[in-house]
Participant: 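Here you go, one structure.
All of these numbers come straight from a predicted model, not from anything done at the bench. For ligands, and for the atoms within them, numbers begin at 1 and follow the listed sequence.
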Amino acid sequence: MMFWRERERETKEQNGGPPCGQVRVLVVGDSGVGKTSLVHLILNGSSIVRPPQTIGCTVGVKHTTYGNSGSSSTSIKGDAERDFFIELWDISGHDRYKDCRSLFYSQINGVIFVYDLSQRRTKTSLQKWAVEIATAGTFSAPLASGGPGGLPVPYIVIGNKADIATNEGVRGSSGNLVDMARLWVEKQGLLPSSEEIPLTESFPGGGGLIAAAKGARYDKEAVMKFFRMLIRRRYFSDDLPGNHWSSPVQKPLHGSSEISNDDDHLYKSKSSSYIGDSYKYNTLPPLPAQRNLTPPPTLYPQQPMSTPDNYSIPRFASTQDMSSARYKRSDINV
Ligand SMILES: Nc1nc2c(ncn2[C@@H]2O[C@H](COP(=O)(O)OP(=O)(O)OP(=O)(O)O)[C@@H](O)[C@H]2O)c(=O)[nH]1
């Protein structure tokens, strides 16, 4: 038995590197915007009814595969399918963790910014989050130029709670609406792709809710594409020195449905609930210290306290939105 396991391991290693890999994604945004709910949905495909308030940071891990034995959209020529783990670091948005949360900004491959479509200030404060991460974080496989606030890794922006936002985007939450949202999250998390969205009568809300559910289902695919893009950048890009499994025959595919351009800092989604933001990028190149950090040999979750590269990188800090109001959990009336 040991013999075969050993042989299998050797074969995989001869095939271009260790059998699995890992990318780290921060999930950030103001308290109560729905980060924990979103992570739970990504990991489990179902809603969480009463998410606890995150204390500091919670890490969830999603398994996926990437390589030529998967779907054509994830294929890499000449490369066997491998296991990858997406670490989702759900950072508490509460102000009480403001001074210590930079502990978690280590070896970042990508960022998911989350805001509440019904609370406009949660969107404007994303710039502040971007500056904080860019200033205090260390990055794996950084981009050649910085994004919002100097952030040197790809990111997506997710507008959550589409079910309670009006077309104008500013309506406060109410208890009933939150209940409706829970119902919606349950439905959209459990629906197989072939199944129709439930009839209008199933929901107390009407067409807007159904549209939101449809949009969210579509965007789950967008999130997976984002993860695959991060895997490709870290492990299959010829441009990044020190990456595992990079070889002339392992060039990234540039399929039309994939996020193939590394300069696409922001993944732009067309759907209603995942909304691309038109950040203006500054033109600062990444500092030498931010150049590609050597990835670890396996994909097991990294321990933030033991990471040797836990240092601060002084970067240009935007003053935009520094005055954004505090967002209280009570504002969403849950
Ligand atoms: N209406 C509605 N409510 C949602 C949605 N997603 C999450 N919620 C609710 O919003 C509240 C806050 O959600 P969380 O996931 O805990 O928010 P968070 O961003 O992780 O909050 P912190 O842990 O404080 O940073 C909970 O009551 C959720 O049920 C949604 O899409 N629509």
Side-chain angles (χ1 to χ4, degrees), residues 25-60 88-101 104-105 111-123 125-126 128-129 132-133 156-166 169-191 197 203-206 208-220 223 269 271-275 324 326-334:
V25 179
L26 293 188
V27 183
V28 297
D30 286 355
S31 181
V33 296
K35 300 179 295 296
T36 303
S37 308
L38 177 75
V39 169
H40 191 276
L41 186 63
I42 292 171
L43 297 183
N44 304 298
S46 62
S47 68
I48 178 169
V49 177
R50 292 190 200 286
Q53 188 170 59
T54 305
I55 298 171
C57 172
T58 303
V59 182
L88 294 167
W89 287 52
D90 174 11
I91 309 289
S92 171
H94 200 283
D95 270 352
R96 82 169 66 100
Y97 302 107
K98 196 172 189 306
D99 294 336
C100 66
R101 63 190 174 216
F104 308 117
Y105 301 162
V111 179
I112 298 179
F113 293 101
V114 186
Y115 72 97
D116 180 345
L117 282 161
S118 69
Q119 305 279 343
R120 193 170 284 165
R121 63 190 168 187
T122 64
K123 183 178 181 186
S125 70
L126 293 184
K128 183 189 65 183
W129 280 97
E132 181 177 307
I133 296 165
I156 55 174
V157 180
I158 295 179
N160 195 27
K161 307 194 184 184
D163 54 305
I164 56 172
T166 61
V170 274
R171 192 166 76 186
S173 305
S174 78
N176 283 342
L177 289 169
V178 171
D179 287 344
M180 282 166 55
R182 289 201 177 110
L183 184 59
W184 158 69
V185 173
E186 272 169 26
K187 297 285 182 195
Q188 67 104 359
L190 294 170
L191 276 176
I197 296 294
F203 293 94
L209 200 56
I210 291 176
K214 277 183 174 162
R217 191 172 58 174
Y218 172 83
D219 286 333
K220 277 168 71 178
V223 170
S269 167
S271 80
S272 59
S273 62
Y274 287 54
I275 296 179
S324 63
R326 286 182 165 201
Y327 181 53
K328 293 186 188 133
R329 196 59 177 272
S330 57
D331 289 346
I332 58 170
N333 193 21
V334 292

Participant: With heavy atoms of G93 as the reference, note each atom of ligand 1 found under 4.0 Å away.
Facilitator: 25 (O)
Participant: Taking N or O atoms only and a 3.5 Å limit, does I91 qualify as a polar contact for ligand 1?
Facilitator: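 For ligand 1, there is no N or O atom that lies under 3.5 Å from one belonging to I91.
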Participant: Only counting residues at least two apart or in another chain, list the ones meeting side chain to side chain donor-acceptor pair (under 3.5 Å) with S92.
Facilitator: none
Participant: Rounded to the nearest 0.5 Å, what's the gap from CZ on F104 to OG1 on T58? Could you check?
Facilitator: 9.0 Å
Participant: Rounded to the nearest 0.5 Å, what separates atom OG in S37 from atom CD1 in I48?
Facilitator: 6.5 Å
Participant: Ignoring hydrogens, just give me the one of V114, D90, T36 whose non-hydrogen atom is nearest atom 20 (O) of ligand 1.
Facilitator: T36
Participant: Minimum distance, heavy atoms only, to atom 17 (O) of ligand 1: which one of P52, P51, G34 is it?
Facilitator: G34
Participant: For ligand 1, indicate whether the residue T54 contacts it via side chain, backbone, both or neither (heavy-atom separation under 4.0 Å).
Facilitator: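 It is both parts that get close, each with some atom under 4.0 Å.
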Participant: When T54 is tested against each of V27, I91, T36 for side chain to side chain contact (heavy atoms under 4.5 Å, CB included), which residue passes?
Facilitator: T36
Participant: In ligand 1, which numbered atoms sit nearer than 4.0 Å to a non-hydrogen atom of K35?
Facilitator: 15 (O), 17 (O), 18 (P), 19 (O), 20 (O), 21 (O), 22 (P), 25 (O)
Participant: Output yes when a side-chain donor or acceptor of K35 lies under 3.5 Å from a complementary backbone atom of D30, and no otherwise.
Facilitator: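 Such a contact is found between K35 side chain and D30 backbone.
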Participant: Please report the interatomic distance CG(L26) to CD1(I112), rounded to the nearest 0.5 Å.
Facilitator: 9.5 Å
Participant: Give the numbers and elements of all ligand 1 atoms closer than 4.0 Å to a heavy atom of S37.
Facilitator: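 Reading through ligand 1 atom by atom, the close ones are 6 (N), 7 (C), 13 (O), 14 (P), 15 (O), 28 (C).
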Participant: Is the shortest distance from a heavy atom of G32 to ligand 1 less than 4.0 Å?
Facilitator: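 Per 4.0 Å heavy-atom rule, G32 contacts ligand 1.
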